[in-house]
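Structure, as structure tokens:
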Amino acid sequence: MASVSRHAHWESVYRTKRPDEVSWYQSEPGISLDLIRATGEGPSARVLDVGGGASVLVDRLLEAGFEHIGVMDIAPAALSASRDRLGPRSDAVEWVEADVLEYRANEPWDIWHDRAVFHFLVDPEDRARYRASLYEAVAPGGHVIVATFGPEGPTRCSGLDTLRCSADEIAAALGDGVTLVESRTEVHRTPSGADQQFVYARLLRVDPTG
Ligand SMILES: C[S@@+](CC[C@H](N)C(=O)[O-])C[C@H]1O[C@@H](n2cnc3c(N)ncnc32)[C@H](O)[C@@H]1O
């Protein structure tokens, strides 16, 4: 899908639905927080929530004392929803309106978190572009957390085709610049009561030549 239609698609989702109506809504991003804690990084770490949408992960990271949080999304309406929810606390966050496939970080991030963005990249060329953005944004030694639909997850979401991945498949798709550390499986209950299998992979960014 071209960047302009990706933008139009997601912007229209957030303009027509409340944050707690979308199928991926979570009142608590429990596994994401566990895996961020498991990296061993403290509150001074730079954490980027890629395709963060209107997730409350940023709220929980602020409450945990993280001082350098970025939320990136292709849909400005999603970022506005989070900024409005946070009020003045939103000033402490870096809000990045960008397509992850074209994103280039100004400064490296220590933790890259993506829940439910990578699985929309059904085109191998898009996955290669995602990998290039990730490798530029996170230096070897940094941490990568990617959650996708699992092998028994849905084949479509928000009207778009999706990938279904095991943790090993996530690691393989992200290439030899990462190595898998651990994984978790979750059954996510959507607001309308459907169950969706998610797989979370925590990976370490490594130097493939090192
Ligand atoms: C399924 S939602 C998940 C939102 C959030 N991560 C969560 O767990 O609640 C996918 C999010 O990724 C954003 N997105 C989709 N494609 C993107 C892209 N190419 N670059 C940046 N954000 C993207 C969408 O706008 C949407 O907010």
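All residue numbers refer to positions in the sequence shown, counting from 1.
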In terms of side-chain heavy atoms, does [X] have a donor or acceptor partner in [Y] at a distance below 3.5 Å?
X    : Y    : answer
H113 : S32  : yes
R104 : S133 : yes
E41  : H143 : yes

- [ ] Give me the ring orientation class for H119 and F149: parallel if the planes are under 30° apart, tilted from 30 to 60°, perpendicular past 60°.
- [x] parallel
Open item on the list: Quick test of your reading of the model: are R184 and E182 salt-bridged, counting only N-O distances below 4.0 Å?
Closed with: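 A salt bridge links R184 with E182.
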Rounded to the nearest 0.5 Å, what separates atom [atom1] in [X] from atom [atom2] in [Y]?
X    : Y    : atom1 : atom2 : value
M72  : D114 : CE    : CG    : 9.0 Å
D161 : R156 : CG    : CZ    : 4.5 Å
L33  : E63  : CG    : CD    : 9.5 Å
D195 : E152 : CG    : CD    : 11.5 Å
L101 : R131 : CG    : CZ    : 12.0 Å

TODO: Tell me, yes or no, whether the heavy-atom count around R15 atom CZ, taken from other residues, nucleotides or ligands under 6.0 Å, exceeds 12.
DONE: no
Open item on the list: Can you tell me which residue among S55, C157, P19 is in a side chain to side chain contact (heavy atoms under 4.5 Å, CB included) with W24?
Closed with: C157
TODO: Answer yes or no for R115 and Y200: cation-pi contact, defined as NZ/CZ to six-membered ring centre under 6.0 Å and angle to ring axis within 45°.
DONE: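 No, cation not above the ring by the 6.0 Å, 45° rule.
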Task: Contacts of type side chain to side chain contact (heavy atoms under 4.5 Å, CB included), residue D207, not counting sequence neighbours - done: P140, T209
Open item on the list: Tell me if the aromatic rings of W112 and Y130 count as close, with their centers under 6.0 Å from one another.
Closed with: yes
